[in-house]
Every structure is written in C-alpha cells, then in structure tokens.
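Reviewing the structure listed below.
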Amino acid sequence: MMNIRILTQFPEMFGAVLGGSILGRAQENGLIAFDVINIRDYSADKHHKTDDTPFGGGAGMVMMPQPAFDALRSLGAEGKRILYMSPRGRILDRELAEDLAKEREFYILCGHYEGVDERILTAWGMEEVSIGDYVLTGGELAAMVLVDCVSRLVDGVLGSPESLDEESIYSGLLEYPQYTKPREFEGLSVPEVLTNGNHRLIHLWQYEQSLRLTRKRRPDLWAKYLENNNILTKDEKKILNMVLSEDERP
Ligand code: ADE
C-alpha cells in the first residue's frame with residue numbers, strides 16, 4: 001500500500017478529489033492511503049498562525065518554519081522523500097510520475113501566498129516540483145494534479161490490467177481518436193474500420209492515428225518516441241515505417 005501525506009493550510013480543498021471516483025476507490029481497496037494534515041494544528045501560536053511577513057519587505061506572507069518543522073517531525077518525515085509544490089521546481093512529467101508511483105511513501109508540502117521560509121526546504125531536503133510554467137495561488141491544486149497522475153500508475157488503481165498493457169505500446173504517443181454510438185450522427189460517421197470487428201486492423205488503425213497525431217502536434221514527443229527502442233510487432237513496424245516514409249501533412 002502506498003501512503004501519500006499532504007501538508008496544507010487548506011485541508012478542505014482535497015475532499016472532492018481524494019474522495020472522488022477513482023482515488024476514492026483506490027483508498028477503499030487499500031491500494032493508497034492519503035493523509036491530509038493541517039499545518040495550522042501544529043502552530044505554537046495561540047491564534048494558530050502559520051505565516052508572517054517576509055524579512056526584507058515585500059508583499060504577501062511567508063510560511064513560518066515552526067509549524068512545518070513540528071508537523072514533519074511529529075509525522076516522522078525525517079529522511080523521507082518530501083516534495084514542495086512550486087513554480088520554481090522540476091516540471092512534472094511522465095518520468096517523474098512513474099518514479100513516484102514506485103514509492104511506498106512520500107510527503108507533499110503545499111505553500112501559499114509568497115511561499116515558505118527557505119529553511120523548511122533546505123533543512124528537510126525537499127524536492128521542488130512544478131506542474132507548469134504558470135503561477136497558481138497555492139500549491140494545493142498542483143498537489144492534487146500530481147497525486148492524481150501518480151495514483152493512476154499504481155498497480156490496481158485503474159482496475160483492468162488491459163488498460164496499462166494497451167498503454168505500453170502507446171506510451172509516449174498521444175491518444176488516437178475514440179468514437180461511440182451511434183454510428184451515424186447528424187451526417188457524421190464513425191471511421192469504417194472501427195465498425196467491422198477486425199481487431200487486428202482496428203489496432204493498426206489506432207496505432208497509425210496515434211503516430212500521426214503525435215508527429216503533427218508534439219514534435220518533441222515524436223522525436224523522443226523515435227529514439228526509444230519500442231517493441232513492435234511486424235505489422236506495427238510496417239505502420240511506423242509507412243508514416244515515417246510520408247511527408248508530414250500540414
Ligand atoms: N504553486 C503555485 N504555482 C505552482 C505551479 N505552477 N506548480 C506547482 N506549484 C505551484
């Protein structure tokens with residue numbers, strides 16, 4: 001069982017996400033335990049204060065070291081992997097998510113306002129993680145994004161092992177287009193190949209669509225995909241070579 005411990009001044013923000021369908025089920029099934037810890041509870045201040053004005057001046061408030069240090073100590077976080085959500089950090093990507101999905105336990109600290117006292121980050125050896133080059137009002141939404149994408153990689157969370165199998169050949173590629181009933185809607189029809197029940201052809205069509213979409217929209221992912229030694233069947237190799245031999249369409 002994986003244990004993810006989140007330290008925040010706004011624990012109520014996590015309810016809907018951690019209790020929601022897939023993550024809620026993962027907890028009920030004993031696959032992941034989420035602990036949301038209110039940093040305010042560890043404040044030594046009689047008003048449960050956790051922030052103060054920054055030395056050197058400037059706008060906003062900064063998280064004081066005392067509540068964070070005491071919370072981490074009382075949880076036994078010494079020597080553990082601790083992430084701090086921040087736009088200064090390493091950008092979250094599939095590689096980092098896969099790495100975190102192998103952990104038995106890790107911590108996430110969420111900051112607010114102008115951030116946290118730097119001594120919290122250095123003394124606890126925190127790893128700064130960003131979810132993208134934009135600034136949120138706090139680390140909570142970023143932590144939820146990280147927890148969601150890591151959780152779906154934990155064994156058993158998505159249910160059918162098929163979906164992960166499926167993903168392995170598509171890993172690094174964008175998803176192919178999906179369709180559902182009806183076959184014909186307002187004059188728009190579903191691609192013929194998907195409706196004829198030939199699973200080999202369906203699979204190859206989907207693979208081809210993934211290749212084309214990735215090349216067109218994400219040249220960076222496409223270059224990475226071609227560098228990897230993807231394990232492909234003969235047919236899949238044929239499709240890949242066909243796509244490679246054609247000029248990119250506008
Ligand atoms: N906190 C504020 N903005 C953030 C971002 N982009 N990623 C992670 N944490 C953040």
Side-chain angles (χ1 to χ4, degrees), residues 2-20 22-23 26 32 34-43 48-69 71-72 75 77 80-103 105-154 157 174 217-218 220-221 224:
M2 175 186 258
N3 187 197
I4 304 178
R5 314 186 94 176
I6 302 162
L7 290 89
T8 171
Q9 293 159 290
F10 301 92
E12 64 285 353
M13 284 179 74
F14 288 87
V17 169
L18 301 183
I22 293 184
L23 301 192
I32 311 182
F34 302 107
D35 297 325
V36 181
I37 296 117
N38 191 343
I39 298 171
R40 268 175 230 283
D41 294 345
Y42 293 87
S43 172
H48 302 288
K49 190 168 95 157
T50 52
D51 293 305
D52 213 327
T53 54
F55 276 121
M61 299 289 269
V62 174
M63 188 188 289
M64 298 149 59
Q66 178 274 318
F69 272 59
L72 289 163
L75 294 165
K80 301 281 172 62
R81 190 165 185 184
I82 312 174
L83 313 181
Y84 172 62
M85 304 314 297
S86 151
R88 298 197 314 199
R90 163 179 176 189
I91 304 259
L92 175 65
D93 59 8
R94 187 166 55 106
E95 208 183 334
L96 178 55
E98 279 169 2
D99 183 46
L100 288 167
K102 292 184 200 126
E103 296 283 352
E105 178 183 44
F106 66 91
Y107 289 71
I108 308 174
L109 175 66
C110 305
H112 250 260
Y113 314 114
E114 288 310 299
V116 302
D117 188 301
E118 190 73 16
R119 291 168 291 186
I120 299 172
L121 307 179
T122 51
W124 290 87
M126 292 191 187
E127 209 175 311
E128 294 187 49
V129 178
S130 167
I131 63 160
D133 287 334
Y134 42 82
V135 181
L136 304 166
T137 58
E140 282 77 11
L141 283 169
M144 288 184 236
V145 167
L146 181 140
V147 161
D148 188 88
C149 87
V150 169
S151 297
R152 66 184 287 288
L153 299 174
V154 172
V157 167
L174 300 182
R217 291 202 191 157
R218 293 293 305 273
D220 56 325
L221 295 182
K224 254 199 219 166

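Atom set for the values below is all heavy atoms of this structure, side chains included, hydrogens, waters and symmetry mates excluded. Start at 1 and go down the list; that is how both ligands and their atoms are numbered.
Within the 4.0 Å heavy-atom criterion, the part of Val129 lying near ligand 1 is the backbone and not the side chain.
Two residues are said to be in side-chain contact when any heavy atoms from C-beta on lie closer than 4.5 Å; Met85 and Leu136 fail this criterion. Using a 4.5 Å heavy-atom cutoff, the side chains of Phe55 and Val62 are not in contact.
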Before you tell me yes or no, could you show the steps for Leu146 and Phe106 under side-chain contact (heavy atoms from CB on, under 4.5 Å), namely the whole-Å CA-CA distance, both residues' side-chain angles and the distance that decides it to 0.1 Å?
CA-CA 12 Å; Leu146 181 140; Phe106 66 91; 3.9 Å; yes
Pair Arg90, Glu127 - check salt bridge (charged side-chain N to carboxylate O under 4.0 Å, His left out), show working.
CA-CA 8 Å; Arg90 163 179 176 189; Glu127 209 175 311; 5.4 Å; no
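More than 12 heavy atoms of other residues, nucleotides or ligands shown are found within 6.0 angstrom of CG on Asp93.
The N/O atoms of Ile131, backbone and side chain alike, include one that comes under 3.5 Å of an N/O atom in ligand 1. Checked by distance only, ligand 1 and Val135 stay at 3.5 Å or farther apart across all their nitrogen or oxygen atoms.
Scanning the protein heavy atoms around atom 3 (N) of ligand 1, the nearest turns out to be Leu136 N, 3.0 Å. Nearest protein heavy-atom neighbour of atom 6 (N) of ligand 1: Tyr134 O, 2.8 Å. Atom 9 (N) of ligand 1 has Ser86 N, 3.1 Å as its closest protein atom, hydrogens excluded (heavy atom only). The closest protein non-hydrogen atom to atom 4 (C) of ligand 1 is Pro87 CD, 3.6 Å.
Atoms of ligand 1 lying under 4.0 Å from any heavy atom of Met85, numbered from 1 in the order shown and given with element: 8 (C), 9 (N). Close approach to Gly132 involves these atoms of ligand 1, each under 4.0 Å from a residue heavy atom: 6 (N).
Electrostatic pairing of Lys102 and Glu98 does not count as a salt bridge here, judged by no charged N lying under 4.0 Å from a carboxylate O.
The shortest separation from a heavy atom of Ala143 to ligand 1 is not under 4.0 Å, leaving the residue out of contact.
The aromatic rings of Phe10 and His112 lie tilted to each other, with the angle between the two planes from 30° to 60°.
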